[in-house]
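Here is the structure we will look at.
The structure presented is a predicted model; accordingly, all values stated were derived computationally and were not measured. We use all heavy atoms of the structure for the numbers below, so side chains are in, but hydrogens, waters and symmetry mates are not. Atoms within a ligand are numbered from 1 in the order they appear, just like the ligands themselves.
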Amino acid sequence: MPSLCNQGMLEKMKILGIESSCDECAAAVVEDGTWVLSNVVATQIPFHALYKGVVPEIASRKHTEWIYGVVQEALLKAGLEPAGLDGVAVTAHPGLLGSLLVGLSFAKAFAWAQNIPFIAVDHMLAHLYASQLSESPAAPTVPAEYPFLGLLVSGGHSIICRVDDFDAVTVLGTTIDDAVGEAFDKVSNHYGFGYPGGVAIDKLAQTGDPLAFKFPLPNLYKGEHRYDLSYSGLKTAVINQLEQFRKKPVSEVSLGDIAASFQKTAVDILLRSLFRAVEDTGLRTIVGGGGVAANSYLRRLLGERQDLHCIFPSLALCGDNGAMIAGLGYRYLIRGERSPLTIRASARVKAFKRSYP
Ligand code: KG4
Ligand code: ZN
């Protein structure tokens, strides 16, 4: 069994990463925490689209059916046999419990059978790590220097944080109600834009005017809520607009305008809190992660800020994937850390502590 305790080792370390926290059944092989040798994502979207949301029971069953084949494909694409791996990393939290358990149990059994190191990691820390991965030797990424501000935006979480190391994250602000991705999904459901909502709205918004409708911004800027976010007010206002539309002839209704105006407000809410954190902490490097970090409007607005250094993962690595799990897992493994095979899955975020500067 190879030792992963010595960071100075010349041998290249290949880690298998397994992700099954929600509706993507994913596995990848990453070398030295950086180079993505394979990245297989089997999406369950068509199975959940019928219900306009992830059905936990369907999700865990599909993971059970697919996990073996997905891992096999990740190994094949990386040109490896199981014996060529140096460790296994897997998501243990947060996520849907029944889904997490499939990947976690598989990873434990795999590591035990191969007698290789095993590490269970946090899904949101992995999203934060995704921007450090390189998908092509021709275009190596330059990782952000610590400390920086993290913008973690997904279907289940919206977090603005200070990041001092890959595992040292202090939450500055988070949503007090819905997550930003959840707001995209719910608005999209009501208007029938498509599923999942973020991608559908991002595309439709390109046909509309972001200033056509003025939706409310939450009033969270005082005391301990200074960096917090809220999406339930915006979501309700946009959904209520649909009732107004129903009273008008279809030709007068521009769904592109609704999508663009909603998207603008959703991103403005994020950026307002993020920019407050920039001013207060003096940190000018921002690292994005999570499904909503793929949003073209968000990426464009942040890209236009010449005074900030904004780093996003590639679009393929914004959503759930095994490569970010393998990359993050490598960091723990080379420190000599291991998880016990008795470790449990948990639905909640464990790795973050909340504090205000
Ligand atoms: O990180 P992720 O794949 O899964 C979770 O950990 O939740 O994020 C999924 C979320 C969904 O809410 C989806 O609608 C949103 O990310 N999303 C987007 C875009 N692509 C995916 N939201 C806005 N714009 C996008 N382009
Ligand atoms: Zn995610």
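The closest donor-acceptor contact from the side chain of Lys108 to the backbone of Leu341 lies under 3.5 Å. Judged purely by atom type and a 3.5 angstrom limit, Asp177 uses its side chain to pair as donor or acceptor with the backbone of Ser232. When atom types are taken as modelled, the side chain of Thr236 and the backbone of Leu234 share no donor-acceptor pair closer than 3.5 angstrom.
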* Does the side chain to side chain donor-acceptor pair (under 3.5 Å) test come out yes or no for Ser21 and Thr91, once each step is laid out? -> CA-CA 7 Å; Ser21 66; Thr91 306; 5.4 Å; no
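Nearest non-hydrogen protein atom to atom 1 (O) of ligand 1 is Gly291 N, 2.9 Å. Protein heavy atom at the shortest distance from atom 10 (C) of ligand 1 is Gly155 N, 3.4 Å.
For Phe148 and Tyr146, the distance between ring centers is under 6.0 angstrom. You'll find the ring centres of Tyr330 and Trp35 outside the 6.0 Å limit.
By the criterion of a heavy-atom distance under 4.0 Å, the side chain of His123, and not its backbone, is placed next to ligand 1. Contacts of Asn295 with ligand 1, taken as heavy-atom pairs under 4.0 Å, involve both backbone and side chain.
For His127, the heavy-atom gap to ligand 1 drops under 4.0 angstrom. Heavy atoms of Gln263 come nearer than 4.0 angstrom to ligand 1 in no pair at all. Using 4.0 Å as the threshold, Cys22 has no heavy atom nearer than that to any atom of ligand 1.
Annotation: side chain of Leu149 is not in contact with side chain of Val163 (no heavy-atom distance under 4.5 Å). At a threshold of 4.5 Å between non-hydrogen side-chain atoms, the residues Asp23 and Ile45 count as touching.
Less than 2.8 Å away from the Zn ion (ligand 2), the protein contributes these N/O/S atoms: His123 NE2, His127 NE2, Asp320 OD1.
When only interatomic distances are considered, the shortest N/O to N/O separation between Gly319 and ligand 1 does not fall below 3.5 Å. The shortest N or O to N or O distance between Gly290 and ligand 1 is not below 3.5 Å. Polar contact with ligand 1: present for Gly198 (N/O pair, distance under 3.5 Å). Between Gly181 and ligand 1, an N or O atom pair is found at a separation short of 3.5 Å. Residue Asp320 has at least one N or O atom closer than 3.5 Å to an N or O atom of ligand 1.
Near Asp202, with a cut-off below 4.0 Å to any heavy atom, the atoms of ligand 1 are 24 (N), 25 (C), 26 (N). With ligand atoms numbered from 1 in the order given, ligand 1 contributes 7 (O) to contacts under 4.0 Å with heavy atoms of Gly156. Listed by atom number, the atoms of ligand 1 under 4.0 Å from Ala294 heavy atoms are 26 (N). Counting atoms of ligand 1 from 1 in the listed order, those under 4.0 Å from a heavy atom of Asp185 are 11 (C), 12 (O), 13 (C), 14 (O).
Closest to atom 15 (C) of ligand 1 by heavy atom, among Val267, Val41, Asn321, Val292, is Val292.
Scanning both residues, Phe118 and Ala111, for their nearest heavy atoms gives CB-CB, 3.7 Å.
Linking ILVMFWY side-chain heavy atoms closer than 4.5 Å, directly or via other members, places Ile201 and Leu301 in a single hydrophobic cluster.
Side chains of Gln263 and Asn295: a donor-acceptor N/O pair is present below 3.5 angstrom, by distance only. For the residue pair Ser134 and Thr34, no side-chain donor N or O sits within less than 3.5 Å of a side-chain acceptor on the partner.
No option in Tyr231, Tyr297, Phe262 other than Phe262 meets the ring-ring contact (aromatic ring centres under 6.0 Å, His included) test with Phe184.
With a 6.0 Å cutoff to the six-membered ring centre and a 45° limit on the axis angle, Arg338 does not count as a cation-pi contact of Tyr332.
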